[in-house]
Amino acid sequence: MPKYYKVYDSKNTVYVTFDDSGAVIIKDESGKKVFLSKKQADLMKFSIESLFKNLFENHDAEVHVEEIKEV
């Protein structure tokens with residue numbers, strides 16, 4: 001079953017979908033999408049984790065991650 005997350009701060013919101021196949025879909029508020037296959041997601045895992053780590057370490061912005069039922 002796919003998992004959906006809403007990642008947001010006071011200025012921006014993105015929706016992240018983790019597909020059953022291991023693919024990742026990232027969508028912004030304007031509807032632009034980035035699709036990463038399982039292989040691409042595996043290759044980018046370190047970069048994505050670093051990005052989120054940097055967001056959470058930034059004390060000026062509050063970043064929230066919320067699991068949702070559907071996008």
Side-chain angles (χ1 to χ4, degrees):
M1 178 170 224
K3 292 190 176 192
Y4 305 97
Y5 296 92
K6 178 180 177 182
V7 181
Y8 62 96
D9 65 8
S10 60
K11 298 179 183 178
N12 298 302
T13 301
V14 294
Y15 297 94
V16 181
T17 302
F18 292 95
D19 190 311
D20 289 336
S21 70
V24 177
I25 302 166
I26 303 170
K27 180 179 166 186
D28 68 6
E29 291 178 305
S30 66
K32 295 178 186 172
K33 291 182 184 179
V34 174
F35 175 82
L36 302 172
S37 68
K38 182 182 186 314
K39 181 67 175 176
Q40 290 170 319
D42 287 344
L43 290 171
M44 293 192 61
K45 183 178 180 183
F46 177 76
S47 298
I48 292 170
E49 287 176 352
S50 296
L51 171 69
F52 283 117
K53 183 179 178 183
N54 289 338
L55 288 173
F56 286 113
E57 288 180 351
N58 183 355
H59 297 289
D60 296 336
E62 289 188 33
V63 177
H64 305 279
V65 178
E66 175 182 321
E67 186 171 0
I68 54 177
K69 298 293 180 192
E70 55 185 75
V71 179

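- In terms of heavy-atom proximity, Y15 sits nearest to K6 at CE2-CG, 3.8 Å.
- Taking OG1 of T17 as the start and CG of L36 as the end, the distance is 11.5 Å to the nearest 0.5 Å.
- K3 pairs by the salt bridge (Lys or Arg N to Asp or Glu O under 4.0 Å) definition with nothing, not counting sequence neighbours.
- For the pair N12 and D9, the tightest heavy-atom approach, listed with the atom from each and the gap, is N-OD1, 2.7 Å.
- Of all heavy-atom pairs between Y5 and V65, the closest is CD2-CG1, 4.1 Å.
- D28 contributes a side-chain N or O that, together with a main-chain N or O of G31, makes up a donor-acceptor pair within less than 3.5 Å.
- Here the closest heavy-atom approach between residue Y4 and residue K69 is recorded as CD1-O, 3.0 Å.
- The hydrophobic cluster containing V34 also contains V7, counting ILVMFWY residues as joined when their side-chain heavy atoms lie under 4.5 angstrom apart, directly or transitively.
- Proximity of a side-chain donor or acceptor of D20 to a complementary backbone N or O of M1 within less than 3.5 Å is detected.
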